[in-house]
Amino acid sequence: LGILTWLAYLHLATTYPLADYVAKFTLTDFGRANNWHSVVGIDFILSTFGALLFCLLAWVIARRHPRNKQLLWLIVGFALLFAFTLLAMYPITATDIFEYVFHSRILVHYGQNPLAVPPSAFKGDPFLKSIPWSPHPSPYGPLWVLLTVPGSLLAGNDFLLGLYLMKGLTIPFYLGSVLLIVAILQHLNSDYKLAGTLLFAWNPLILFEVPGNGHNGIMMMLFALLATYLTVRRQWVWVVPALVASVLIKWVTAILLIPFLIYCWRAQPDSRARWMYLAKTSLISAMIVILAALPFLAIPTGLLEEANFYSLLALPSLAYHILKGTYGDKIAKGLTIGTGLLTYLGLYAIALRSLWRNLNSRHLVLLNVFLIVAYLGIANMHFQPWFVVWPIALGIWINHPVVRPVLIVFTGSALFSYVANFWWIWNYRIWGVLQVNLIFVLVVFVPPILIGVLSRLLTMRLQYRKMTGRRAAD
């Protein structure tokens, strides 16, 4: 199964070789490079969904052999093989990595702040032609910029080498995330360690988006997983600082700061210990922020511009496009954002209340997954398929009858959205914006919602049968 999975990724890497595509195209994707031919879409489905099928078959085997240490090393070894193979693949569905290279270049080669100065400020730079969002500064955090400095220094003016090094930067963070999941499951559920780790390490969306497309979300998630690991190890003082480091890469994990803080606060034995904990963790977190952020102080215009982008894949965008026809652009935006935020804050409050009442680390993991998934579905206007990497990293590895199938299906629907993009191009002159948005929502969000509802109903039914069986026995 490992070899078959590797062949699927090898096919993608050899079909879309990074060096050849960079030499041939200024900027492209796998559809545009092949005139949106249906065979290309089918090939992508066979490769990625084949990898997903092999992953699930391997998961079944891993569940049957929970104590096999050789199997664990085989899982990790193949995961690294997959990652290094996809290092050679052109980022066929995203352009972010090109921006990473230039943002790092702004700091290293021009001595400017990439969080404040956009790529377009450097008109004569030969890299500029490959940057699609050149008018906007980096929307990412200062720690991310610092992590990219060594690669930019080594690459110099070699654009291709810069791309390889930027993609290569994802691999140690991917491996670190795999090992952290192993360590977390060793404490939470050692019998599920192999199976849970495999669902993340061999997940085709993780591999396609991280070493394949080079997305930096894995760096953010490594620190979020580190916070989870420190929580299960009861290293309370370091939990929030680890999560602060995650936020300093990408802001979205700020959503998880309050749940982790509540958990650590409530875990202290008495009032004095709680205030001592708060003082220590706040001091360490403040030091991290000062050291990482002080050189990059600026109004986050790049982040604000990104927040104002309404993706045709986002579920809230559907409400916006429906309302826009009746109320106009400004009112539609206000209603959509306001309703989404109020709904999300209500769910957030309910989630915090449940954490306050049920203080255990497994519940914290499930709550974190819920908060990120709810954010993506309710309050995120600029959703992209690679955002699904975040909840997968946070909890596909937990043995839960609802979370696991939801995130597996979310993996498939996010991958399939790239092929749905072909439908949009084929019907560009026929479909309106609302129709396109609706199709993407049906493809991306409806399958995991349906499987979540069905899984929950099945779980409730099984629980009911157990209760009635016990009563009959009594």
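The first residue of the sequence shown is numbered 1, and numbering continues consecutively from there.
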So for atom [atom1], which belongs to [X], do other residues, nucleotides or ligands contribute more than 12 heavy atoms lying within a distance under 6.0 Å?
{"X": "Lys333", "atom1": "NZ", "result": "yes"}
{"X": "Trp59", "atom1": "CH2", "result": "yes"}
{"X": "Phe84", "atom1": "CZ", "result": "no"}

Atom of [X], atom of [Y] and distance for their closest heavy-atom approach:
{"X": "Pro135", "Y": "Ser120", "result": "CA-OG, 3.6 Å"}
{"X": "Pro391", "Y": "Val373", "result": "CB-CG2, 3.6 Å"}
{"X": "Pro241", "Y": "Ile288", "result": "CB-CD1, 3.6 Å"}
{"X": "Leu207", "Y": "Ala83", "result": "CD2-N, 4.1 Å"}
{"X": "Tyr164", "Y": "Leu18", "result": "CE2-CD2, 3.5 Å"}
{"X": "Gly340", "Y": "Ala379", "result": "O-CB, 4.3 Å"}

Between atom [atom1] of [X] and atom [atom2] of [Y], what is the distance when rounded to the nearest 0.5 Å?
{"X": "His321", "Y": "Gln435", "atom1": "NE2", "atom2": "CD", "value": "12.5 Å"}
{"X": "Ser138", "Y": "Phe102", "atom1": "OG", "atom2": "CZ", "value": "12.5 Å"}
{"X": "Tyr327", "Y": "Leu335", "atom1": "OH", "atom2": "CG", "value": "7.0 Å"}
{"X": "Leu367", "Y": "Leu394", "atom1": "CG", "atom2": "CG", "value": "11.0 Å"}
{"X": "Gln186", "Y": "Ile181", "atom1": "CD", "atom2": "CD1", "value": "14.0 Å"}
{"X": "Phe54", "Y": "Leu4", "atom1": "CZ", "atom2": "CG", "value": "4.5 Å"}

is_close_aromatic(Phe44, Phe208), centroid dist under 6.0 Å: yes
Pair Phe30 and Phe422, ring centroids less than 6.0 Å apart: yes
Ser317: which residues meet the side-chain hydrogen bond (donor to acceptor under 3.5 Å, both in side chains) condition with it, sequence neighbours left out? none
Side chain to side chain contact (heavy atoms under 4.5 Å, CB included) evaluation trace for Met220 with Val252: CA-CA 9 Å; Met220 172 181 69; Val252 70; 3.2 Å; yes
Would you say the side-chain atoms of [X] pair up with the backbone N or O of [Y], donor to acceptor, closer than 3.5 Å?
{"X": "Asn34", "Y": "His37", "answer": "no"}
{"X": "Ser104", "Y": "Thr148", "answer": "yes"}
{"X": "Thr228", "Y": "Ala224", "answer": "yes"}
{"X": "Thr14", "Y": "Leu10", "answer": "yes"}
{"X": "Ser413", "Y": "Phe410", "answer": "yes"}
{"X": "Asp43", "Y": "Val39", "answer": "no"}
{"X": "His109", "Y": "Arg105", "answer": "no"}
{"X": "Asn113", "Y": "Phe296", "answer": "yes"}
{"X": "Lys167", "Y": "Leu86", "answer": "yes"}
{"X": "Asp158", "Y": "Leu160", "answer": "yes"}

Can you tell me how the ring of [X] sits relative to the ring of [Y], calling it parallel under 30°, perpendicular over 60° and tilted otherwise?
{"X": "Phe383", "Y": "Phe387", "answer": "perpendicular"}
{"X": "Tyr21", "Y": "Phe25", "answer": "tilted"}
{"X": "Tyr375", "Y": "Tyr344", "answer": "perpendicular"}
{"X": "Tyr110", "Y": "Phe122", "answer": "parallel"}

Out of the candidates Trp202, Trp6, Tyr174, only one should pair with Phe82 under the ring-ring contact (aromatic ring centres under 6.0 Å, His included) rule; please name it. Trp202
Taking the side chain as every heavy atom from C-beta outward, state whether [X] and [Y] have any atom pair closer than 4.5 Å.
{"X": "Ile392", "Y": "Trp397", "value": "no"}
{"X": "Phe370", "Y": "Leu347", "value": "yes"}
{"X": "Leu199", "Y": "Leu56", "value": "yes"}
{"X": "Pro137", "Y": "Leu115", "value": "no"}
{"X": "Leu371", "Y": "Tyr348", "value": "yes"}
{"X": "Ile97", "Y": "Asn213", "value": "no"}
{"X": "Gln384", "Y": "Ser311", "value": "yes"}
{"X": "Phe127", "Y": "Phe98", "value": "no"}

Which residues share a salt bridge (charged side-chain N to carboxylate O under 4.0 Å, His left out) with Asp96, sequence neighbours left out: none
Applying the side chain to side chain donor-acceptor pair (under 3.5 Å) criterion to Tyr320, which one of Thr336, Asn437, Asp329 satisfies it? Asp329
Evaluate Leu143 against Val247 for side chain to side chain contact (heavy atoms under 4.5 Å, CB included), listing each step before the verdict. CA-CA 9 Å; Leu143 185 54; Val247 175; over 6 Å; no
Could you walk me through whether Leu323 and Ile331 satisfy the side chain to side chain contact (heavy atoms under 4.5 Å, CB included) test, starting with their C-alpha distance in whole Å, then the side-chain angles of each, then the deciding distance to 0.1 Å, before giving a yes or no? CA-CA 8 Å; Leu323 293 169; Ile331 295 176; over 6 Å; no
Any side-chain donor-acceptor pair under 3.5 Å between Tyr100 and Asn216? yes
For side chain to side chain contact (heavy atoms under 4.5 Å, CB included), just list the numbers for Val239 and Leu243, CA-CA rounded to whole Å, side-chain angles, deciding distance to a tenth of an Å, and then say yes or no. CA-CA 7 Å; Val239 171; Leu243 200 59; 5.9 Å; no
